[in-house]
Structure formats: C-alpha cells, structure tokens
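Here the structure is laid out as structure tokens; the discussion comes afterwards.
Not measured: the values here are computed from a predicted model.
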Amino acid sequence: MSAALPDTKTPRTGLNAQLGTYLGLAVVLLGMVALFSSLSEYFFTTDTFVAIVNEIPALAVMAVGMTFVLIIAGIDLSVGSVLALSAALSAMAVLQWGWTPLAAALLGLAAGALCGLVLGSVSVAWRLPSFIVSLGMLEVVRGSAYLVTGSRTQYVGERIAGLAAPLVGGVSVAFLIAVLLVVVGQLLLTRTVFGRSVVGIGTNEEAMRLAGVDPRPVRIAVFTLTGLLAGLAGLMQAARMEAADPNAGQGMELRVIAAVVIGGTSLMGGRGSVVNTFIGVLIIAVLEAGLAQVGASEPSKRIITGCVIVVAVIVDTLRQRRAARG
C-alpha cells in the first residue's frame, strides 16, 4: 500500500504568499501601463489593449505548459519548433491532402502531443537532462517543419481563421480559450492529485518515491501536455496569420520561459502558479507593445526585456533565500 502524498504546502506561505505575489505582479503590470500611457498618447486606448489580448493567446497557452515543466525542475526549449510543425501539418492537411479544417486541427494537436511524449520519454528513460533532449528536439522538429512545407509559407486563408475570429469588443476566440486554459491549468495544479504530484516532484523527488509515487509517468505526462499546448498555440498562430510559416515561433521558447519566470515560477522547481504566469505573459506583452509605441529600437527592446528577465530571477532568488531563513 502506498503512503499518502507528502504535503507540499507550508502553513504560512500558502494564501498570504500567493496574495503577495498576485499583488506584486499586478502593481508591476499597472505601473507599466501607467508609464507607457504617460510616454505615448496612443497607448491607453481600446485599440491597443485589444491588439495586446489578441496577440498573446499562443504565448499564454504555451506558458501554461511551461509552468508545469519548470515546476518539476525541467525545461522545454522545443515549444517554438513544435508550434511551427503543428501549424505546418495542419496547413498541408487542408491544402494538399484535402482534409477538413477540424481533422487538420486534430492532426496538429496530435503532432504536438507526440513531440512532447517523445521528449519526455527519452528524457525519463535515459535519465537525460530535459534541457539537452529538448535542444535536440528543437532542431529535429524545426527541420521537420521545413520538410513538410518545402521551406515555404503555406497560405491557408480563411479556412482556419476561426480561432482568430473576433467576438465581443474585437477580442478573439483564441484569447477566450487561452483564459479558459489558464483557469483549468490552475485548478489542475492546485486541486488535483496530479498537480500535487507535480509540485512534490519538483520539491523533493526522492520523497515522492518513498511516498509510493512513481515520478516517471508524471514527468512524461507533463511534457506531453506541454507539447499538446504548443500544438494548440501553432493552430492559434496560423489562424491569426491565415498561414503556416516554417519559421514561426523562432525564439518564442525564450519569451515563454521569461513570462513563466516573471510570474514567479521557480527555475529550481517545486513552486509556481499558472495565474501568475498569465500575469507574466501580460507583463511581457505590455512591455513589448509599450516599447514599440514609444519608438524603441529593436536592440533596445531586446536589452530592456533581457534586463526585466534578469531582475525577475534575482527577485525570485532573494524571495527563496528569505523563505529559507524564515
């Protein structure tokens, strides 16, 4: 008989710490909005905010999966390439193979899940760092996207544009799906045995083994989930652009990791929040939109974004040290 799962929550850090993190991130987000609104008369407008929320669904969906990966002390550098491959397969299924949009979308999702399953299985079976395995997967999957599309952008048109269709106030279906997945992801992480197992593995994997929980299937499931969500992000991206570009998603894995880290998920594993990650996504999106509106050059934008990421990591490190002393 297996023992009960170890309690991964501490009495004082629970609700108070979470509320403090929420408030801190909200203050940062509102401060950035206020700053860019003062610097540009065009920033604080409905058009700007609608553009931001319609820009972030793919990033937000991938960040949900990456939150789980970082909590188990892993990393997945292949999500941008998986995005491109899933979109490419869906586009080719519609254009060349005569599939219906629904069947093509399911193919894209299956391809993403398969990529995550392979990554997780290889990493677990051979006890390899997920960083190395995902780095290899990044190249393999990107090359596959080039092969599928013949290294050319595939223009699908309105046949797959449903996810990007505007609803109330111009907000897209994709954004509403992303918000729903954030809610589901948070509930999965905090209200299920699977979520407690994820946190427990990231906190102390050996203790989980002693409690009778095999970490291997949980790890594989986390990477499979992340691949599935990257596949969905590919469909969202293709729907917004009405095309599948084999170069899509290049460097996006860094933006995803940045959003998750800014949201307070520990790079060392064991702690994270999907809701906080979503606020991190909003911070990244507002920062990029604000810098574009004030006329910052591309090198300047990269420097500032990089500095924000480093500061977020430093803050997280200081917070962990303070918690350890307390």
Test item: L229 and F68 side chains (from C-beta on) under 4.5 Å apart, heavy atoms: no

V148 with L95, same ILVMFWY side-chain cluster at under 4.5 Å: no

Backbone of V140 reached by a side-chain donor or acceptor of S81 within 3.5 Å: no

Over all atoms of both residues, closest heavy-atom pair of N54 and S172: OD1-N, 2.8 Å

Point-to-point distance, once rounded to the nearest 0.5 Å, from CD1 of I257 to OG1 of T67: 11.0 Å

Side chain proximity check, T277 to V64, heavy atoms < 4.5 angstrom: no

A73 versus M268, closest heavy-atom pair with distance: CB-O, 3.7 Å

S40 side chain vs F36 backbone, donor-acceptor pair below 3.5 Å: no

Distance, nearest 0.5 Å, that separates CD1 of I304 from CG of L291: 4.5 Å

Joint hydrophobic cluster, I283 plus V50, side-chain heavy atoms closer than 4.5 Å: no

Minimum heavy-atom distance between L163 and A239, given as atom pair plus value: CB-CB, 3.8 Å

Which atom of G234 lies closest to which atom of A87, heavy atoms considered: O-CB, 3.5 Å

Non-hydrogen side-chain atoms of F278 and I56 separated by less than 4.5 Å: yes

Q154 side-chain N/O to M92 backbone N/O, donor-acceptor pair under 3.5 Å: no

Derivation of the side-chain contact (heavy atoms from CB on, under 4.5 Å) call for E288 and R255: CA-CA 11 Å; E288 292 176 347; R255 294 176 65 212; 3.0 Å; yes

Close side-chain approach of S134 and F223, heavy atoms under 4.5 Å: no

Side-chain touch S86/V82, heavy atoms, less than 4.5 angstrom: yes

side-chain contact (heavy atoms from CB on, under 4.5 Å) between I132 and W126, worked out: CA-CA 12 Å; I132 299 298; W126 294 91; over 6 Å; no

hydrophobic_cluster_shared for F43 and V294, side chain cutoff 4.5 Å: yes

Connected via hydrophobic side-chain network under 4.5 Å: L70 and M137: yes

Crowding at CZ, R302 (>12 non-hydrogen neighbours, <6.0 Å): no

Shortest non-hydrogen separation from G263 to L25 and the atoms involved: O-CD1, 3.8 Å

Gap separating the CG atom of L119 from the OG atom of S78, nearest 0.5 angstrom: 5.0 Å

Flag if over 12 foreign heavy atoms under 6.0 Å of CE, M241: no

Shared hydrophobic cluster, L30 / F44 (ILVMFWY, side-chain heavy atoms < 4.5 Å): no

Interatomic spacing from CG in D47 to OH in Y42 - rounded to 0.5 Å: 12.5 Å

Between CD1 on residue I160 and CG on residue L102, distance to nearest 0.5 Å: 13.0 Å

Taking every non-hydrogen atom, the tightest pair across A178 and A60: CB-CB, 4.2 Å

V69 vs V260, side-chain contact (heavy atoms from CB on, under 4.5 Å): CA-CA, chis, key distance, verdict: CA-CA 10 Å; V69 170; V260 177; over 6 Å; no

Neighbour count above 12 (heavy atom, 6.0 Å) for R216 CZ: no

Sub-4.5 Å side-chain heavy-atom contact between L232 and L181: yes

V79 and M252: CA distance, side-chain angles, deciding distance, side-chain contact (heavy atoms from CB on, under 4.5 Å) verdict: CA-CA 8 Å; V79 289; M252 201 166 181; over 6 Å; no

OG-CD1 distance between S297 and I303, expressed to the nearest 0.5 angstrom: 7.5 Å

Check: P129 main-chain N/O paired with S123 side-chain donor or acceptor under 3.5 Å: no

Heavy-atom side-chain proximity of L138 to E253 below 4.5 angstrom: yes

E139 bridged to R142 by N-O distance under 4.0 Å: no

Side chain proximity check, I177 to M236, heavy atoms < 4.5 angstrom: yes

